[in-house]
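In the text below, chain A, chain B and the rest are named by the order of the sequence lines, each starting its count at 1.
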Number of protein chains: 2
Amino acid sequence: MTLSLTSDQADGETSSCCTPQPGTPALDAEAAVELAARLKALADPNRLTLLALVAADARGEACVCDLTGPLDLGQPTVSHHLKILVDAGLLTREKRGVWSYYAVVDGALESIAHAVGHGIVPPHPNSPLEPA
Amino acid sequence: MTLSLTSDQADGETSSCCTPQPGTPALDAEAAVELAARLKALADPNRLTLLALVAADARGEACVCDLTGPLDLGQPTVSHHLKILVDAGLLTREKRGVWSYYAVVDGALESIAHAVGHGIVPPHPNSPLEPA
DNA sequence: CACCGACATTGACATTCTTCGATGCCCCTG
DNA sequence: CAGGGGCATCGAAGAATGTCAATGTCGGTG
């Protein structure tokens with residue numbers, strides 16, 4: 001909303017470069033916000049390392065004490081990042097006894113990858129971009 | 001470097017949950033920083049919309065004046081976001097005459113998508129996570 | 001040659017994010 | 001039932017980010 005399209009210029013027969021083609025926008029505003037939120041959860045070196053560490057575990061899961069060491073971060077900070085990843089739907093948290101085990105949600109990363117690879121710039125069959 | 005793996009705990013025969021398996025980390029620290037930087041360039045609704053707008057143009061390119069309208073942002077802000085995208089290798093800038101034309105770098109988004117989909121949690125053939 | 005328009009850059013401000021120290025909660029052990 | 005350890009939450013400090021107003025630069029126009 002609040003997209004008012006203030007057309008106070010670039011309007012008419014002028015030889016401006018402005019000839020926007022809003023034919024098939026591959027990404028509406030709402031989808032952009034949603035995808036950006038998921039990407040923002042990924043856009044951090046420590047969180048990427050957390051995901052890789054959890055996935056690299058032979059059991060497919062890891063507890064917090066496994067992750068504070070390699071990351072060289074405090075325990076509250078690791079917990080904070082894990083919460084962000086859980087909230088983004090990338091990790092699951094299962095509390096068994098005293099420890100919390102985190103596991104990678106299979107398919108979540110692929111979903112984001114698909115959105116990045118095909119949801120922003122879909123291939124359209126009428127523009128030879130690379131004449132080479 | 002500087003990963004000293006301070007083993008002052010989680011070491012030995014204790015029944016701790018901590019049994020990290022640093023066998024094949026799919027993402028080292030340097031790669032994590034690099035991938036996070038590229039994702040950070042994408043993790044913004046306005047920048048995603050910019051990419052979609054540029055790609056949606058029939059000519060495969062667009063100038064700044066085409067983009068300030070739909071985004072409901074000021075021209076300096078749009079220029080700022082475009083610079084971030086160019087700097088991240090996602091867009092190219094070509095100045096023809098007075099106008100600057102931006103085009104999507106073909107393959108860049110796919111590269112990021114591949115890293116997200118296969119560079120963090122690579123499929124390993126000994127854990128039937130999804131029996132479906 | 002003077003003017004205007006398109007775009008980039010600068011500086012400043014508000015918001016958000018990252019990190020840490022301190023604390024609270026819960027479960028297990030003695 | 002008292003004690004300890006693992007983990008989440010709270011509050012705050014510092015840094016990074018998004019946005020805008022103002023200005024500078026460059027190319028085309030009258």
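If T77(B) and H80(A) are placed on DNA chain C by their nearest nucleotide, the residue sitting closer to the 5' end is T77(B).
Straight-line distance from the CG atom of D72(B) to the P atom of dG18(D): 17 Å, rounded to whole Å. Nucleotide dA6(C) holds its P atom 19 Å from the CD atom of E94(B), rounded to whole Å. The nearest whole Å value for the distance from the CZ atom in R93(B) to the C1' atom in dA6(C) is 12 Å. Computed from coordinates, the L39(B) CG to dC17(C) P distance equals 16 Å when rounded to whole Å. Atoms CD (Q75(B)) and P (dG24(D)) sit 15 Å apart, rounded to a whole Å. Atom pair L82(A):CG and dT19(C):P shows a separation of 12 Å (rounding to whole Å applied). Atom P of nucleotide dA16(D) and atom CD1 of I84(B) are separated by 14 Å, given to the nearest angstrom. Look at CG on L50(B): it is 13 Å from P on dC7(C), rounded to the nearest Å.
Within the 4.5 Å cutoff, no side-chain heavy atoms of V116(A) are placed close to those of V116(B). Using a 4.5 Å heavy-atom threshold, the side chains of T92(A) and Y101(A) count as separate. By the 4.5 Å heavy-atom criterion applied to side chains, R96(B) and E94(B) are counted as neighbours. You'll find the side chain of L109(A) reaches within 4.5 Å of the side chain of I120(B), heavy atoms only.
Contacts of residues 40-47 of chain B with DNA chain D (heavy atom under 4.0 Å): K40(B), D44(B), N46(B), R47(B).
The side-chain contact (heavy atoms from CB on, under 4.5 Å) test with L50(A) singles out one residue from I84(A), L90(A), V104(A), V78(A), and that residue is V78(A).
Nearest nucleotide to the side chain of P76(A), out of dG21(C), dC7(C), dA21(D): dG21(C). Side-chain proximity of L73(A) to dC20(C), dT9(C), dC7(D): nearest is dC20(C). Distances from the side chain of H81(B) to the nucleotides dC20(C), dT9(D), dT19(D) place dT19(D) closest.
In terms of heavy-atom proximity, L53(B) sits nearest to L67(B) at CB-CD2, 3.7 Å. In terms of heavy-atom proximity, L27(A) sits nearest to A52(B) at CB-CB, 3.8 Å.
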Pairs: protein N or O with nucleotides 25-30 of chain C N or O, under 3.5 Å:
none

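With hydrogens and angles disregarded, a donor-acceptor distance shorter than 3.5 Å links the side chain of R47(A) to the backbone of K40(A).
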Q. Salt bridge (charged side-chain N to carboxylate O under 4.0 Å, His left out) between E61(B) and R93(B): does it pass, once the steps are laid out?
A. CA-CA 9 Å; E61(B) 59 186 9; R93(B) 185 166 81 99; over 6 Å; no

